[in-house]
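Comments concern the structure below.
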Amino acid sequence: THPLCPPPQGRGRDLQTTLYTHPNHTNLNSPKIDYIIFLDSDDFWEVDLLEKCVDLAQNYNSPDIIWFDWREIYETKTPPKYQSQTMLELFGFTNQTQITAIEWLNRAKDRRIYQFWWAWQGLIRFDYLKRVNLRFLEGIIYEDNLFGVLLFSHCESIAIMPSKLYNYRIRGGSTMTKWDFKEAPSYIKPLLAHFDYDMALQYFKSHCHLAIATELQKFCLKDTHIARLCERTFIPSFLVELCDILTYQNDPYNLKVQFYALVSGRKMDLLYIKIIDKIIPNRLKKVRHYCFLLYFVPYLIVIRGRVKLK
């Protein structure tokens, strides 16, 4: 861990903040601190970010999560004509407020937000993070999908500040923009023995979505209202993304078996998937793909109308 800076002068001087510079950091032993915050090496904060967060933490009696907004800064040759909405904007929060995990899930469901990601968009109370023993899932991209959903689902309080305090740089070669690397990323190289470059990227993306959905399903199996609401809100969007798994002719990571295990408890979904997988041969890849999407078209309508899937 690395101390960021001395606490700001004034009422928040006693609040200590620490930065974890690596998402897979697993050592949570540290000096006494109250909150941690993540910062990607490409990005930067507004100068008053920490001071505003300190004030908010004290105003709302040290919430588990402080959630602020962010802006996109494009450093690509052709920036988009229209910027997509941030997650905070999609949730429709325009004033400072405090909510619970149930309120967050109900708002996601009501506003048709069926994918959620969160990592550097705020501060996390350190005692809370230690108590839930939450880590980023290793070996995948999009790990902030799982981290964000589980972090918010376990918490008791979320303080919201809609100010745009984080500057998110979008540059060429990033995993979050285009898959156009001059050299294959290390996580893709083992798959190049089985696929061409584009298919290897697609297959690895399916592998990541499946890993996230599998871990999320473990939480959703708990007999709690939050777990059941989380399952109804977020799992269907992953099923939409994962239909492509059954169209791969090569399957070096055995994703099909893992996918069937994931949907084994969803009887109607499993029955339909097995029928299509059995009667339509793999060589008719596009036909199989559209049959799977047709089954999940209600999910596609509500998801793609609101949130840009990763």
Side-chain angles (χ1 to χ4, degrees), residues 1-41 43-70 87-88 93 96-105 116-138 143-163 165-168 212 215-216 218-219 222 224 226-227 230:
T1 61
H2 304 276
L4 289 176
C5 61
Q9 298 292 329
R11 53 190 295 201
R13 189 172 177 80
D14 60 335
L15 184 67
Q16 299 293 319
T17 310
T18 295
L19 169 69
Y20 282 84
T21 56
H22 195 284
N24 294 325
H25 194 288
T26 57
N27 179 16
L28 290 184
N29 296 318
S30 69
K32 171 61 179 174
I33 58 174
D34 292 306
Y35 285 87
I36 65 170
I37 184 171
F38 300 101
L39 174 64
D40 274 356
S41 59
D43 306 334
F44 61 97
W45 297 327
E46 293 299 306
V47 294
D48 58 350
L49 179 148
L50 290 179
E51 185 173 0
K52 286 185 174 181
C53 289
V54 166
D55 289 340
L56 192 71
Q58 295 199 345
N59 289 340
Y60 287 108
N61 195 26
S62 298
D64 291 334
I65 299 169
I66 295 175
W67 183 10
F68 49 71
D69 209 358
W70 55 280
M87 190 63 70
L88 198 59
F93 293 113
Q96 287 189 11
T97 187
Q98 184 168 254
I99 61 173
T100 65
I102 287 290
E103 290 173 319
W104 163 73
L105 278 168
F116 181 81
W117 51 90
W118 197 96
W120 39 254
Q121 297 97 316
L123 276 70
I124 309 167
R125 190 162 61 84
F126 191 64
D127 287 343
Y128 162 63
L129 188 62
K130 288 195 297 182
R131 175 169 55 82
V132 297
N133 195 29
L134 185 61
R135 303 286 193 275
F136 285 98
L137 191 61
E138 295 189 34
E143 66 276 11
D144 51 348
N145 288 58
L146 178 66
F147 181 83
V149 171
L150 294 182
L151 183 76
F152 276 58
S153 297
H154 283 92
C155 77
E156 295 180 359
S157 57
I158 306 160
I160 294 171
M161 178 167 47
S163 303
L165 301 176
Y166 190 101
N167 296 289
Y168 178 61
I212 293 167
E215 291 299 316
L216 184 57
K218 293 177 183 178
F219 168 72
K222 296 180 179 179
T224 65
I226 287 182
C230 185

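All values below come from the heavy atoms of this structure, side chains included, with hydrogens, waters and symmetry mates left out.
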Closest heavy-atom pair and its distance - [X], [Y]:
X: Phe93; Y: Pro162; result: O-CB, 3.8 Å
X: Leu165; Y: Lys52; result: CD2-CD, 4.0 Å
X: Trp70; Y: Met87; result: NE1-N, 4.4 Å
X: Thr100; Y: Ile158; result: O-CD1, 4.2 Å
X: Pro63; Y: Ala159; result: CG-CB, 3.5 Å

So do [Y] and [X] actually touch side chain to side chain, heavy atoms under 4.5 Å?
X: Leu105; Y: Phe152; answer: no
X: Leu216; Y: Cys230; answer: yes
X: Ile66; Y: Tyr60; answer: no
X: Asn167; Y: Asp43; answer: no
X: Asp34; Y: Ser62; answer: no
X: Trp104; Y: Ile226; answer: no

Atom pair [atom1]/[atom2] of [X] and [Y] - distance to nearest 0.5 Å:
X: Leu146; Y: Leu137; atom1: CG; atom2: CG; answer: 6.0 Å
X: Glu156; Y: Tyr128; atom1: CD; atom2: OH; answer: 9.0 Å
X: Thr97; Y: Glu103; atom1: OG1; atom2: CD; answer: 7.5 Å
X: Ile37; Y: Cys53; atom1: CD1; atom2: SG; answer: 6.0 Å

With distance as the sole test, does Gln121 use its side chain to make a donor-acceptor pair with the main-chain N or O of Ala119 at under 3.5 Å?
yes
Could you name each residue pair satisfying salt bridge (Lys or Arg N to Asp or Glu O under 4.0 Å) that touches residues 56-66, not counting sequence neighbours?
Asp64-Arg125
Ring center gap for Phe219 and His154 short of 6.0 angstrom:
yes
Of the options Phe38, Trp118, Trp117, which is the one that meets Phe136 in a ring pair (Phe, Tyr, Trp, His ring centres under 6.0 Å)?
Phe38
What is the ring orientation for Trp120 with Tyr166, classed by angle as parallel under 30°, tilted 30 to 60°, or perpendicular over 60°?
parallel
